[in-house]
Amino acid sequence: MANQNLFSPIVEEAKLNPFYKLILENPTSEPARIMMELIFQDFSDVDGNFVEQFQTTGFDARIFELYLNACFASDGFKIQRDFARPDFLLEKDGVRFALEATTSNPNFAKQVNAIDKFLNLTPEEIDQSSNDEIPIRLGSPLFSKLKKKYWELEHCKEMPFVIAIEAFHDETALLFSDYSLAQYLFGLRQYPTWSEEGNIIFNTQEIESHQLGEKIIPSNFFKQPDAEYISAILFSNSGTYSKFNRMGYQAGFHKGNINLMRFGGYYIPDKESTNIMPFHYDLDDLDAPPEEWGQGITYIHNPNALYPLPKTLFPNAGHIYLEEEKLFNDYPTFHPQTSQTYTIHFGEATLDFPNTHIASIYKNKFISLEKGKKQEAELLFEEKQWFADSKMNIIGALILDRHDKEWAFVIFGKQTNGIFHLIEMKLSIKDRKTATAQIIDGMENIYLSGQLTFD
């Protein structure tokens with residue numbers, strides 16, 4: 001039986017999570033809504049309360065679980081969610097392991113102003129957050145999960161066990177890296193110095209504790225009693241609405257009336273350091289890096305684990321591990337440490353044409369209908385918006401000339417064999433608004449002619 005609809009509210013409006021309500025009502029969130037619904041329909045809701053929690057107090061935690069499910073499915077894992085706890089039993093390549101997900105003090109995330117607040121922090125405040133606040137905020141839910149002793153459950157015995165965690169405790173939490181958590185897990189801080197010859201040398205310093213105000217916690221989670229049952233900690237700051245919006249956009253779940261731009265910092269692959277370089281791209285750019293679900297996930301491996309977890313199971317993830325009392329990392333070529341996504345909304349194209357029989361359609365729908373597309377044409381022309389009549393006999397695309405930034409459009413008609421072919425095209429239109437009006441007018445005239453096939 002299909003799951004409930006995530007975005008059909010089942011609680012009174014006053015109880016809706018403010019961020020859930022924002023996604024529900026915002027037209028720029030359409031790719032995320034469609035992608036979340038798609039993932040959720042294959043998601044096993046063991047407790048039967050996922051939708052209610054997703055819409056109210058558990059929004060951050062539930063979206064993180066949905067994200068993890070998408071990651072494991074895309075990486076080819078067999079997913080089992082038949083038990084109330086832990087959250088996942090996973091199997092791949094003959095390796096079976098259990099995973100429990102948690103978040104740090106989830107509440108209504110204030111990510112809207114996160115960048116501004118982060119940029120206004122002093123270097124000392126950033127160091128304190130990285131060295132003490134993040135370990136304390138994440139350490140508390142990790143320690144709570146450790147005390148649950150999931151490995152004593154009959155279906156979790158004698159297998160690797162992983163705790164997955166994401167930080168939602170305040171508006172800047174998602175801007176800090178996996179290395180902040182690694183310091184707490186290993187009880188080590190790694191810093192560079194330079195030799196007289198100018199060569200970089202990485203030194204390691206042991207950490208006894210972390211302090212924030214009056215709260216003090218011991219460091220080195222992996223040496224706590226029973227921690228040997230924890231094979232690894234999965235850390236991510238990507239299990240958010242923005243991830244689902246980008247993945248939905250990339251999959252074509254949009255009508256060309258929005259544009260997404262992403263910026264942040266990514267790790268330069270270097271086994272001993274965590275150098276970060278800035279990045280920025282428009283999701284429509286030809287050279288925009290394709291995004292995988294697992295991009296941005298880091299597995300931090302316990303050197304004392306009774307049941308170690310093979311790194312090879314996770315092709316898109318990064319890894320941090322201890323070797324000869326030094327911290328090392330293996331990151332993919334593009335491994336974002338943090339990112340922000342900005343969305344531009346161009347409005348609904350057909351609002352100025354209230355009586356038209358033509359409507360915007362999703363990019364992926366247009367691609368499924370269109371035939372005979374020339375790959376080389378994509379280098380010169382970029383499709384920006386897609387249209388169709390209600391019977392899908394006439395389809396059209398609004399196009400931007402990448403070279404001279406002028407606009408164009410093409411209209412296709414369906415033949416009796418079901419294949420579409422070009423019936424109208426216009427080039428060298430000066431602006432998007434004019435091009436939109438002309439393609440809708442052209443398609444409307446064809447529709448009103450009554451012609452149904454175009455052989």
Side-chain angles (χ1 to χ4, degrees), residues 1-4 6 36 38-51 53-54 58 60-103 106 138 141-166 185 221-222 226-236 238-239 243-244 292-302 304-319:
M1 188 173 75
N3 285 330
Q4 294 172 285
L6 286 174
M36 287 178 186
L38 185 65
I39 299 299
F40 184 57
Q41 292 313 307
D42 289 327
F43 183 84
S44 178
D45 183 9
V46 181
D47 299 321
N49 60 5
F50 187 95
V51 175
Q53 292 186 1
F54 180 81
D60 292 326
R62 300 291 82 79
I63 202 172
F64 185 43
E65 285 183 38
L66 205 61
Y67 162 72
L68 290 171
N69 196 87
C71 291
F72 298 134
S74 68
D75 278 346
F77 283 92
K78 179 182 177 182
I79 301 172
Q80 184 179 356
R81 284 178 49 82
D82 300 336
F83 301 96
R85 60 192 189 106
D87 292 314
F88 295 90
L89 289 180
L90 301 155
E91 187 173 355
K92 180 182 175 183
D93 298 338
V95 178
R96 184 172 169 85
F97 69 97
L99 182 142
E100 174 71 6
T102 188
T103 55
L138 297 183
L142 287 176
F143 193 71
S144 295
K145 293 298 181 183
L146 179 67
K147 291 190 292 185
K148 301 283 186 182
K149 298 188 177 184
Y150 294 94
W151 50 86
E152 293 182 354
L153 298 171
E154 192 62 35
H155 54 278
C156 295
K157 286 184 177 180
E158 298 181 356
M159 68 169 66
F161 181 76
V162 176
I163 303 175
I165 190 165
E166 183 157 11
L185 296 177
F221 174 84
F222 285 146
D226 290 331
E228 66 272 16
Y229 291 98
I230 310 297
S231 303
I233 302 296
L234 183 163
F235 172 83
S236 175
S238 300
K243 177 76 171 188
F244 283 91
E292 304 290 343
W293 280 108
Q295 182 191 90
I297 281 181
T298 300
Y299 286 85
I300 307 175
H301 295 265
N302 184 359
N304 310 312
L306 288 176
Y307 307 102
L309 198 62
K311 301 174 195 169
T312 53
L313 291 177
F314 315 99
N316 299 303
H319 300 273

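Quick note: numbers below take in every heavy atom, side chains included, and nothing from hydrogens, waters or symmetry partners.
Residues P86 and V162 form no side-chain contact, since every pair of their non-hydrogen atoms from C-beta on lies 4.5 Å or further apart.
With R62 contributing its side chain and Q53 its backbone, the two residues share no donor-acceptor pair below 3.5 Å. For the pair N69 (side chain) and F43 (backbone), a donor-acceptor distance under 3.5 Å is absent. Under the 3.5 Å distance criterion, the side-chain polar atoms of R81 are matched with a main-chain donor or acceptor of D87.
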Assess the residue pair F222 and I300 against the criterion (side chain to side chain contact (heavy atoms under 4.5 Å, CB included)); give the C-alpha distance rounded to whole Å, side-chain angles, the decisive distance to 0.1 Å, and a yes or no.
CA-CA 10 Å; F222 285 146; I300 307 175; 4.2 Å; yes
Checking side chain to side chain contact (heavy atoms under 4.5 Å, CB included) for the pair I165/L234: CA distance, chi angles, key distance, verdict?
CA-CA 6 Å; I165 190 165; L234 183 163; over 6 Å; no
Using the side chain to side chain contact (heavy atoms under 4.5 Å, CB included) rule, take K243 and Q295 through it: C-alpha gap first, then chi angles, then the decisive distance, then the call.
CA-CA 10 Å; K243 177 76 171 188; Q295 182 191 90; 4.0 Å; yes
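Taking each heavy atom of L89 and A98 in turn, the nearest pair found is CD2-CB, 3.6 Å. Across L309 and H301, no two heavy atoms sit closer than the pair O-CE1, 3.4 Å. Nearest approach of P141 to T102, heavy atoms of both residues: CB-OG1, 3.6 Å. Heavy atoms only, all atoms of each residue included: F221 and A227 are closest at O-CB, 3.3 Å. Nearest heavy atom pair, residue W293 against residue S74, reads CB-OG, 3.6 Å. In terms of heavy atoms, L68 sits closest to A164 at CD1-CB, 3.8 Å.
Checked against the 6.0 Å centroid criterion, the rings of F50 and F40 qualify as a close aromatic pair.
With rounding to the nearest 0.5 Å, the separation of OH in Y299 from CD1 in I233 is 11.5 Å.
For the salt bridge (charged side-chain N to carboxylate O under 4.0 Å, His left out) test, no residue two or more places apart in sequence or in another chain qualifies with K92.
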